[in-house]
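Worth knowing before you read on, the calculation uses all heavy atoms, side chains too, and leaves out hydrogens, waters and symmetry mates. Quick note: residue numbers are just sequence positions, from 1. Bear in mind that the values here come from a model prediction, so they are computed numbers and not experimental data.
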Amino acid sequence: QVQLVESGGGLVQAGGSLRLSCAASGRTFSTYSEAWFRQALGKEREFVAAINWDGSTRKYDDSVSGRFTISRDNAKNTIYLQMNSLKPEDTAVYYCAAGPMLGMDASFFGSWGQGTQVIVSS
C-alpha cells in the first residue's frame, strides 16, 4: 500500500497558477502509476491526469490538456500537478491516487489521498 498526502491547494484568480504536490510513503511508490482526480461540489469524481512509474507516459483529460502538467520525482517520493491558466470550472477538491497500472479510471487506483481544495475565482 501507498499512503498519499496532498498539499498546495488554495484560492487563485482566473488565469493564475497553482502547483499541487502529493507526498507518498511506501516501498512500492517508485513502481506505481500515479494520477490526479478532482471532484467539484455536487459532481462525480473525474480524471485529470496520470503518469506511469518512470514518467515516460502521461495522460490528460481534454479539459486540462495544454494547461496542466503532471510530473514525478521518485527520489522525493512526490508527484506534482502544475496548473496554469486556471478557470473557475477548475474549482474542485483534487485527489492524488496510486496504483500498479496506468489508467484513466478510478478503478485502476487503490490508494487515495485525502484531497486538497482548489478555488478559482472569476
Side-chain angles (χ1 to χ4, degrees):
Q1 275 286 47
V2 177
Q3 291 75 46
L4 305 168
V5 179
E6 302 96 334
S7 61
L11 174 64
V12 63
Q13 288 188 333
S17 298
L18 279 176
R19 188 176 81 155
L20 305 183
S21 299
C22 177
S25 60
R27 292 180 294 175
T28 55
F29 170 79
S30 62
T31 66
Y32 268 30
S33 293
E34 305 283 335
W36 289 95
F37 287 77
R38 66 187 181 187
Q39 187 168 18
L41 191 62
K43 296 187 177 182
E44 294 186 354
R45 189 172 299 188
E46 63 178 12
F47 172 78
V48 175
I51 188 168
N52 72 331
W53 70 276
D54 66 354
S56 60
T57 303
R58 308 179 194 197
K59 297 182 181 292
Y60 297 95
D61 183 78
D62 288 345
S63 65
V64 306
S65 183
R67 299 188 298 123
F68 291 11
T69 301
I70 188 171
S71 62
R72 67 188 299 157
D73 185 338
N74 285 347
K76 295 182 178 180
N77 277 14
T78 302
I79 64 166
Y80 305 96
L81 185 68
Q82 178 66 44
M83 304 186 295
N84 298 329
S85 301
L86 282 161
K87 304 175 181 180
E89 51 263 43
D90 294 318
T91 294
V93 177
Y94 284 71
Y95 298 89
C96 65
M101 297 180 65
L102 183 66
M104 300 174 69
D105 189 87
S107 63
F108 282 83
F109 303 95
S111 298
W112 293 81
Q114 83 290 348
T116 186
Q117 177 74 56
V118 172
I119 300 173
V120 184
S121 63
S122 57

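Among all heavy-atom pairs drawn from N77 and G26, the shortest one is ND2-O, 4.4 Å. For S85 against S17, the heavy-atom pair with the smallest separation is N-OG, 4.4 Å. When all heavy atoms are compared, the tightest approach of G8 to L18 is O-CD2, 3.9 Å. Across all their heavy atoms, L4 and S111 have their closest contact at CD1-O, 3.5 Å. Between S30 and R72, the shortest heavy-atom contact is CA-NH2, 4.1 Å. The two residues S21 and T78 make their nearest non-hydrogen contact at CB-CG2, 4.3 Å.
Under the 3.5 Å distance criterion, the side-chain polar atoms of N52 are matched with a main-chain donor or acceptor of G55. Side-chain atoms of T91 come within 3.5 Å of backbone atoms of V120 as a donor-acceptor pair (strictly under, hydrogens ignored). Side chain of R58 to backbone of I70: a donor-acceptor contact under 3.5 angstrom is found. At distances below 3.5 Å, not a single donor-acceptor pair connects side-chain atoms of D61 with backbone N or O atoms of M104.
For the pair K59 and S33, the minimum side-chain heavy-atom distance is 4.5 Å or more. Proximity of T69 to Y60: side-chain heavy atoms (C-beta onward) are separated by under 4.5 Å at one or more points. In this structure, the side chains of Q39 and Y95 come closer than 4.5 Å at one or more pairs of heavy atoms. With a 4.5 Å cut-off on side-chain heavy atoms, F29 and I79 count as touching. Residues V64 and M83 have side chains not in contact (no heavy-atom distance under 4.5 Å, counting atoms from C-beta outward). The closest side-chain heavy-atom distance from D90 to R67 is below 4.5 Å.
Here the OG-NZ distance, from S122 to K87, works out to 14.0 Å after rounding to the nearest 0.5 Å. Note that OH of Y32 is 12.0 Å distant from CE of M101, once rounded to the nearest 0.5 Å. The structure places CG of N74 at 9.0 Å from OG1 of T31, a figure rounded to the nearest 0.5 Å.
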| said: Go through it in stages, so that I can follow the logic: the residues are E6 and W36, the test is side-chain contact (heavy atoms from CB on, under 4.5 Å), and I'd like the CA-CA distance, side-chain angles, deciding distance and then a yes or no. | reply: CA-CA 10 Å; E6 302 96 334; W36 289 95; 3.9 Å; yes
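Hydrophobic clustering of Ile, Leu, Val, Met, Phe, Trp and Tyr side chains at less than 4.5 Å, counting indirect connections, unites W112 with F47. In this structure, V12 is a member of the same hydrophobic cluster as F68, with clusters built from ILVMFWY side-chain heavy atoms closer than 4.5 Å. Residue V48 is not grouped with residue L41 when hydrophobic side chains (ILVMFWY) are merged at heavy-atom distances under 4.5 angstrom, including chains of intermediate members. Under a hydrophobic clustering in which Ile, Leu, Val, Met, Phe, Trp and Tyr are joined whenever their side-chain heavy atoms come within less than 4.5 Å, directly or via other members, L20 and V93 fall into different clusters.
Around CD of Q114, the count of heavy atoms belonging to other residues, nucleotides or ligands within 6.0 Å exceeds 12.
Residue pairs meeting the disulfide (SG to SG under 2.5 Å) criterion with at least one partner in residues 21-117, sequence neighbours excluded, are C22-C96.
Both cation-pi conditions hold for R19 and Y80: the charged atom is under 6.0 angstrom from the six-membered ring centre and inside a 45 degree cone around its axis.
Using a 30° and 60° split on the angle between ring planes, F109 and F37 fall in the perpendicular class, above 60°.
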